[in-house]
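Step one of this worksheet: look at the structure below.
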Amino acid sequence: MILTDFYSYSDQNSILSQLDKLQTAWEAIPLLYSLLKEDKFHSTLGNGTLMLLLDEEKLTDGKPTIAAFATFCDVDEVDSPLRPWIGFVFTSPDYRGRHLMGQIIEFCMSEAPKRYPDSDYVYISTAETGLYEKYGFEFFQNLTSRWNGQTRGYRRKIQK
């Protein structure tokens, strides 16, 4: 597996092609796909990137297969001055149960002091309970999403 940033990856088109095929796997992928394809990622989510975990041993159309991904950005599904957010957290069905997301989360946590020196926490918004606690996150409050739905806010202290 290789962990890479979408914006520094040499074949962004292969990632877009795979995301296009994954659009029915999770309701948030069409939005992420359109943000990337239409070059609206940063204007919508602020500074940050899409982190990809790619399987070099399993190829899709001759390219490494997306195993998991998450955004690490200024903004997620809630309007908040808090920064940064890990969002769009997804593991492809064939890779679930392997704790691959932990690799992406730990990378984001290691980058947080450099990218967000004024922040004390990294945040996640989710409807899940019991998942992100495994990765050191704690529930801190209920939040309202941009679409007026309820979500749970989690945070993890940045080690500086």
### Message
Run the side chain to side chain contact (heavy atoms under 4.5 Å, CB included) test on Thr151 and Asn142 for me, step by step, so that the C-alpha distance in whole Å, both residues' side-chain angles and the decisive distance to 0.1 Å come before the verdict.
### Response
CA-CA 6 Å; Thr151 186; Asn142 288 310; over 6 Å; no
### Closest contact, heavy atoms only, Pro117 versus Lys114
CD-O, 3.7 Å
### Summary
For Pro113 and Gln159, the nearest pair of non-hydrogen atoms, with its separation, is CG-O, 3.4 Å
### Task
Could you tell me which non-hydrogen atom of Leu19 sits nearest to which non-hydrogen atom of Phe69, and how far apart they are?
CD2-CE2, 3.6 Å
### Query
Is the Tyr123 to Phe140 ring centre distance short of 6.0 Å?
yes
### Query
Hey, do the aromatic rings of Phe88 and Phe41 have their centres closer than 6.0 Å?
no
### Query
Looking at side-chain heavy atoms only, is the closest gap between Ile104 and Leu3 below 4.5 Å?
yes
### Query
Using a distance-only test with no angle check, is there a side-chain donor-acceptor pair under 3.5 angstrom linking Thr65 and Asp55?
no
### Message
Quick check: do Phe90 and Ile66 have side-chain heavy atoms less than 4.5 Å from each other?
### Response
no
### Task
Can you measure from OH (Tyr132) to CD (Glu128) and round to the nearest 0.5 angstrom?
6.5 Å
### Message
Walk me through whether Ile105 and Phe137 qualify under side chain to side chain contact (heavy atoms under 4.5 Å, CB included).
### Response
CA-CA 10 Å; Ile105 288 172; Phe137 285 82; 3.8 Å; yes
### Task
Side-chain contact test, heavy atoms from C-beta onward, threshold under 4.5 Å: evaluate it for Leu45 versus Thr71 and give yes or no.
yes
### Message
Any non-hydrogen side-chain atom of Met101 less than 4.5 Å from a side-chain atom of Leu131?
### Response
no
### Task
Side-chain contact test, heavy atoms from C-beta onward, threshold under 4.5 Å: evaluate it for Ile29 versus Leu31 and give yes or no.
no
### Task
Look only at the side chain of Thr44 and the backbone of Lys40, and say whether a donor-acceptor pair between them is shorter than 3.5 Å.
yes
### Task
Verify whether one side chain among Tyr116 and Asp74 offers a donor that lies under 3.5 Å from an acceptor in the other.
yes
#### Entry: ILVMFWY network linking Trp26 to Leu36, side-chain heavy atoms under 4.5 angstrom
yes
### Query
Does the Ser80 side chain pair with the main chain of Leu82, one donor and one acceptor, at a distance under 3.5 Å?
yes
### Nearest atoms (heavy-atom pairs only) where Asp76 meets Arg146
O-NH2, 2.8 Å
### Query
Are Met109 and Leu100 linked, directly or through other ILVMFWY residues, by side chains that come within less than 4.5 angstrom of each other?
yes
### Task
Before giving the answer on side chain to side chain contact (heavy atoms under 4.5 Å, CB included), spell out for Asn13 and Lys63 the whole-Å C-alpha distance, their side-chain angles and the decisive distance to 0.1 Å.
CA-CA 10 Å; Asn13 287 331; Lys63 304 294 180 178; over 6 Å; no
### Query
Distance only, no hydrogens: is a donor on one side chain within 3.5 Å (strictly under) of an acceptor on the other, for Glu77 and Ser145?
no
#### Entry: Pairwise side-chain contact, His99 with Tyr135, heavy-atom cut-off 4.5 Å (strictly under)
yes
### Task
Could you grab the distance from atom CD of Gln18 to atom OG1 of Thr60, nearest 0.5 Å is fine?
4.5 Å
### Least distance between heavy atoms, Arg83 atom then Ser119 atom
O-OG, 2.7 Å
### Query
Would you say Glu38 and Leu35 make side-chain contact, with heavy atoms under 4.5 Å?
no
### Message
Quick one, Tyr95 and Lys58 - any side-chain contact, counting heavy atoms below 4.5 Å?
### Response
yes
### Summary
In this structure, SG of Cys73 is separated from CG of Asn47 (nearest 0.5 Å) by 8.5 Å
### Task
Decide if atom CD of Gln141 counts as having more than 12 heavy atoms of other residues, nucleotides or ligands within a radius under 6.0 Å.
yes
### Donor-acceptor pair between Glu133 and Tyr154 side chains, under 3.5 angstrom
yes
#### Entry: Single-linkage hydrophobic cluster Leu32~Leu16, side-chain heavy atoms < 4.5 angstrom
yes
### Query
When you look at Leu52 and Ile15, which way does the side chain to side chain contact (heavy atoms under 4.5 Å, CB included) test go after all the steps?
CA-CA 9 Å; Leu52 302 157; Ile15 301 303; 3.9 Å; yes
#### Entry: Side chain Arg96, main chain Thr91, donor-acceptor under 3.5 Å
yes
### Query
When rounded to the nearest 0.5 angstrom, what is the spacing between OG in Ser14 and CG in Leu54?
7.5 Å
### Message
One thing to verify: whether Arg155 and Glu138 come together as a salt bridge, which I'm taking to mean a side-chain N less than 4.0 angstrom from a carboxylate O.
### Response
yes
### Query
Roughly how far apart are Arg152 CZ and Ile124 CD1, rounded to 0.5 Å?
12.5 Å
### Task
Without swapping roles, check the side chain of Gln12 against the backbone of Phe6 for a donor-acceptor pair under 3.5 Å.
yes
### Query
Does the side chain of Gln150 pick up a donor-acceptor pair with the side chain of Thr144 at under 3.5 Å?
yes
### Query
Do Tyr33 and Tyr7 belong together in a cluster built from hydrophobic side chains that touch within less than 4.5 Å?
yes
### Message
Just checking Lys37: does its NZ atom have more than 12 heavy atoms from other residues, nucleotides or ligands closer to it than 6.0 angstrom?
### Response
no
### Query
Between Phe107 and Leu50, is there a shared hydrophobic cluster once you connect ILVMFWY residues whose side-chain heavy atoms come closer than 4.5 Å?
no
### Task
Rounded to the nearest 0.5 Å, what's the gap from CD1 on Ile158 to CD on Glu111? Could you check?
11.5 Å
## Note on the structure
Looking only at heavy atoms, the pair that brings Val122 and Ala112 closest together is CG2-CB, 3.7 Å
